[in-house]
Amino acid sequence: MSNTPDTDIAVRAYVDAHRAAFLDDLAEWLRIPSVSADPARADDVRRSAEWLAASLTATGFPVVETWPTAGAPAVFAEWPSDDPDAPTVLVYGHHDVQPAAREDGWHTEPFEPTVKDGRLYARGAADDKGQVFFHTLGIRAHLAATGRTAPAVNLKLIVEGEEESGSPHFAELIRAHADRLGCDTVIVSDTGMWSEDTPTVCTGMRGLADCQIDLHGPDQDIHSGSFGGAVPNPATEAARLAAALHDADRRVAIPGFYDGVVELTDRERELFAELPFDEGVWLRSAHSHATLGEAGHTTLERIWARPTAEVNGIGGGYQGPGGKTIVPSYAQLKLSFRLVAGQDADKVEQAVREWVAARIPDGIRHEITFGNATRPCLTPLDHPALQSLARAMERAFGTKIRFTREGGSGPAADLQDVLGAPVLFLGISVPSDGWHAPNEKVELDLLLKGAETAAYLWGELTQNRPV
């Protein structure tokens, strides 16, 4: 697709002309309560996958398949380009949603889409059905504006049904179908932007490792007067572990934890500093009263680009009213670690195990149980595909595109690792959309800007390939 005013006008005209039909179709999909966390909704999740498969077929994808997993089904679609040298792009999203009920605080029925003041309210409107579905309008606008009968790229979609349940079967699914999913670039449309006035592209997400540490002392609770001070106390040791997790500069004190960390470049620091960040507003959104973290880094650097360790829970012994003078027999500590590019989750796990073992005194038995880790992913700022995405967004939004990262974690790294392709994030959601909260919504103008961006992106990727 050439970067001409006429082309852009044609795309916008198509998107505007098909706005009503697009929103009607999206509303139909949003009415399906595809809550993957609720076993009672398993049929609805399957129905959601079938609805999407039918819609993609109607859009024009010549190959559409529903892929079963040990849990909920995923949907795969493919539309080859007529150009034998075209790059291959894989779009990722998910069709399952978080639980929602009117009594949770919704102003409307969560599975009855409602449009008000330019916003579409429904569970899944932003996370993630709306952001998956704008690609169907985008590809149609791309074809209409260029006169093509097939996309400028070999276009593939993989839309999973278990993301809101932790994607337990997704890595296995993409490994099993790696040959079908092979691509040059992955586009993840399950993220957001800084704000309506500051459109941004996310360049990375942190990984995640978490564990539970169980500490066992005496074989039963014992009298603190008769035995306290003479035997090890598992609750005390849990507290000592928690207190030792960070040094005086709030850096994680586990030896080897920072091995391999990819440090921020000066350019990335400059780009973060360009964002209109208001610390007071951010604190209110965090329901907190002061910032605190690793010395030498700004708040945005801490939540986007630095690894962290958090105590998620600590407990043991008597928790009832009044006192109970005991040495408890058991205590528990729950920890989570956000990881950044360059860190290896397996090595972090081993470092944590060795650190805990070295600090536990004789007389305390302990077990550490780790959950499934999520790897971090990062797209270099100078990657040609990232620059293509930024240019496509600039054409849609008519303003300079800035860059962010996200502090959370997701399955993007599995796609990056298994497929060996860079991951780009095309999301149009804004913080006020209320993901996972009552009254989730999406800004309709931004949703259509997402479709417009997708319409431009496929041509941009063909014109700006790596040399």
Side-chain angles (χ1 to χ4, degrees), residues 92 171 184-188 190-192 194 200-210 245-247 249-275 277 291 293-310 335-352 354-355 370 372-390 401-427 466:
Y92 164 86
D184 299 299
T185 304
V186 177
I187 303 293
V188 172
D190 187 26
T191 53
W194 180 265
T200 54
V201 174
C202 175
T203 63
M205 298 184 75
R206 294 191 293 186
L208 174 66
D210 69 285
L245 196 57
H246 299 89
D247 65 17
D249 290 326
R250 305 287 171 170
R251 283 175 59 87
V252 180
I254 298 172
F257 181 78
Y258 290 92
D259 289 356
V261 165
V262 176
E263 300 289 344
L264 277 166
T265 65
D266 290 342
R267 179 57 179 154
E268 286 172 312
R269 286 176 178 266
E270 292 170 359
L271 290 171
F272 286 3
E274 287 181 2
L275 294 164
F277 178 65
T291 60
E294 184 183 359
H297 294 277
T298 67
T299 298
L300 290 182
E301 290 169 6
R302 290 167 180 165
I303 61 175
W304 287 349
R306 298 301 297 167
T308 63
E310 294 294 339
L335 306 176
S336 65
F337 306 89
R338 295 289 175 171
L339 311 178
V340 300
Q343 286 182 292
D344 183 296
D346 292 337
K347 291 181 179 179
V348 168
E349 176 179 334
Q350 185 59 34
V352 172
E354 292 174 358
W355 176 76
F370 274 84
N372 293 326
T374 300
R375 291 177 172 83
C377 64
L378 180 66
T379 305
L381 286 173
D382 59 355
H383 196 286
L386 179 63
Q387 300 307 312
S388 294
L389 175 54
I401 301 302
R402 302 183 187 277
F403 296 92
T404 65
R405 295 193 196 178
E406 289 202 3
S409 307
D414 288 330
L415 290 161
Q416 178 179 265
D417 292 346
V418 174
L419 303 180
V423 172
L424 310 179
F425 298 91
L426 169 53

Do [X] and [Y] have side chains that get closer than 4.5 Å, going by heavy atoms?
X: L275; Y: T200; value: yes
X: R269; Y: H297; value: yes
X: V340; Y: V262; value: no
X: F370; Y: D346; value: no
X: P380; Y: L386; value: no

On a heavy-atom basis, which atom in [X] and which in [Y] lie closest, and how many Å separate them?
X: V423; Y: V188; result: CG1-CG2, 3.6 Å
X: W355; Y: A253; result: NE1-O, 4.2 Å
X: A421; Y: V186; result: CB-CG2, 4.2 Å
X: M205; Y: G408; result: CB-O, 3.8 Å
X: L208; Y: S336; result: CD1-CB, 4.2 Å

Nearest 0.5 Å, please: how far is [atom2] in [Y] from [atom1] in [X]?
X: I254; Y: L335; atom1: CD1; atom2: CG; result: 7.5 Å
X: Y92; Y: F425; atom1: OH; atom2: CZ; result: 10.5 Å
X: E406; Y: D190; atom1: CD; atom2: CG; result: 8.5 Å
X: L424; Y: C202; atom1: CG; atom2: SG; result: 10.5 Å
X: T185; Y: L389; atom1: OG1; atom2: CG; result: 10.0 Å
X: L264; Y: L271; atom1: CG; atom2: CG; result: 10.5 Å

Atom CG of residue position N372 - does it have more than 12 heavy atoms of other residues, nucleotides or ligands inside 6.0 Å?
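Check fails, neighbour count at 12 or below.
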Please lay out, stage by stage, how E263 and R306 fare under the test side chain to side chain contact (heavy atoms under 4.5 Å, CB included).
CA-CA 8 Å; E263 300 289 344; R306 298 301 297 167; 2.9 Å; yes
For E294, the option from H246, R250, R251 that meets side chain to side chain donor-acceptor pair (under 3.5 Å)
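Exactly one candidate clears the test, R251.
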Is it the case that the side chain of [X] and the backbone of [Y] share a donor-acceptor pair, with hydrogens and angles ignored and the cut-off at 3.5 Å?
X: Y258; Y: P307; value: no
X: E354; Y: A351; value: no
X: R206; Y: P376; value: no

Given D259 and K347, is the salt bridge (Lys or Arg N to Asp or Glu O under 4.0 Å) satisfied, shown in steps?
CA-CA 9 Å; D259 289 356; K347 291 181 179 179; over 6 Å; no
Residues forming a side-chain hydrogen bond (donor to acceptor under 3.5 Å, both in side chains) with R405, sequence neighbours excluded:
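Checked R405 against side-chain hydrogen bond (donor to acceptor under 3.5 Å, both in side chains); matches are E268.
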Kindly determine whether L300 and F277 satisfy side chain to side chain contact (heavy atoms under 4.5 Å, CB included), including the steps that lead there.
CA-CA 8 Å; L300 290 182; F277 178 65; 3.9 Å; yes
Classify the ring geometry of F337 against F257: parallel below 30°, tilted from 30° to 60°, perpendicular beyond 60°.
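Tilted.
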